[in-house]
Amino acid sequence: MTRVYAVSDVHGYRDVLVHALATEGLTDADGRWAGADARLWFLGDYLDRGPDGVGVIDLVRRLVDESEGAVGALLGNHEVLALGMRQFGATTIPGPGEAGRSFARSWERNGGLAGDQARLTDEHVGWLRALPMAARDAGALLVHSDTLAYLEWGRTLEDLNATGQGLLESDDLAVWWETWRRLTSRAAFRGEGGPQAARELLDHLGGDRVVHGHSIVAEMLGRAYADVTEPQSYADGRALAIDGGIYEGGPCLVARLA
Ligand SMILES: [Mn+2]
């Protein structure tokens, strides 16, 4: 049976990622793809917070190329934040209720790093802008965020990704800000209505369960970061949270989905 894995929210911790992938046999000691017929998905949030976000992006790009289609990568809210910072800086967001808000302010408050901004090339930007919002593999619906906001962009996986491609080609600050806002929302699959919400997303986009990053497992469980050793299945098994909270000292979870 083909092994399928997912990793999310690496947030600049390239060395932690390299070690985690090598431990699972997906890369060799030099960080080269060694996964044979396995598949691996990255669920976004490559940069900000940690020391080497652009190094993570370069590693993921190389693995996508080396694996010839066995490695895929999705867009996270921090990619929108970093690219929004690059494109719009401190320009204030138009509209009522947005007073004083800007990508620069949110970037500063959410772990943005000047070093990442300085090292991002036009080639990086082009690659990041083209990342899809969601994918399906091994019965999993793979997304970055635990939110139903994806359905506001498309009611099928194909429509969602088609809409997503256009968003970051826009010169419109309001479009970018709304993309950031939606992708930063969370916790849709928690609590009493969680299973129904997960089912709604799956009904439209396909798959048996939602696999997501973005919300840290330890914070969802009220446990210490270092005590988390595996992804969390919840919402009657309709959701799997895989963000181990690397930047808080938690593990880089390499979630095996099949
Ligand atoms: Mn996130």
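Values below: every heavy atom of this structure, side chains too, minus hydrogens, waters and symmetry copies. Note that ligands are numbered from 1 as they come in the structure, with each ligand's atoms numbered from 1 the same way.
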(request) Considering only NZ, NE, NH1 and NH2 on the basic side and carboxylate oxygens on the acidic side, decide whether Arg61 and Asp58 come within less than 4.0 Å. (result) yes

(request) Using only heavy-atom distances, determine whether the side chains of Asn110 and His78 contain a donor-acceptor pair under 3.5 Å. (result) no

(request) With the Mn ion (ligand 1) as the reference point, give the N/O/S atom of Asp45 that is nearest. (result) OD2

(request) Please determine if the Mn ion (ligand 1) has an N/O/S atom from His144 lying under 2.8 Å away. (result) yes

(request) Output yes if Asn77 passes the N/O/S-under-2.8 Å test against the Mn ion (ligand 1); output no otherwise. (result) yes

(message) Using the rule side-chain hydrogen bond (donor to acceptor under 3.5 Å, both in side chains), only one of Thr147, Asp9, Asp243, Asp146 pairs with Ser215; which is it?
(response) Asp146

(request) Check all N, O or S atoms of His214 and name the one closest to the Mn ion (ligand 1). (result) ND1

(message) Surrounding CZ of Arg119 (heavy atoms of other residues, nucleotides or ligands, distance under 6.0 Å), is the total greater than 12?
(response) yes

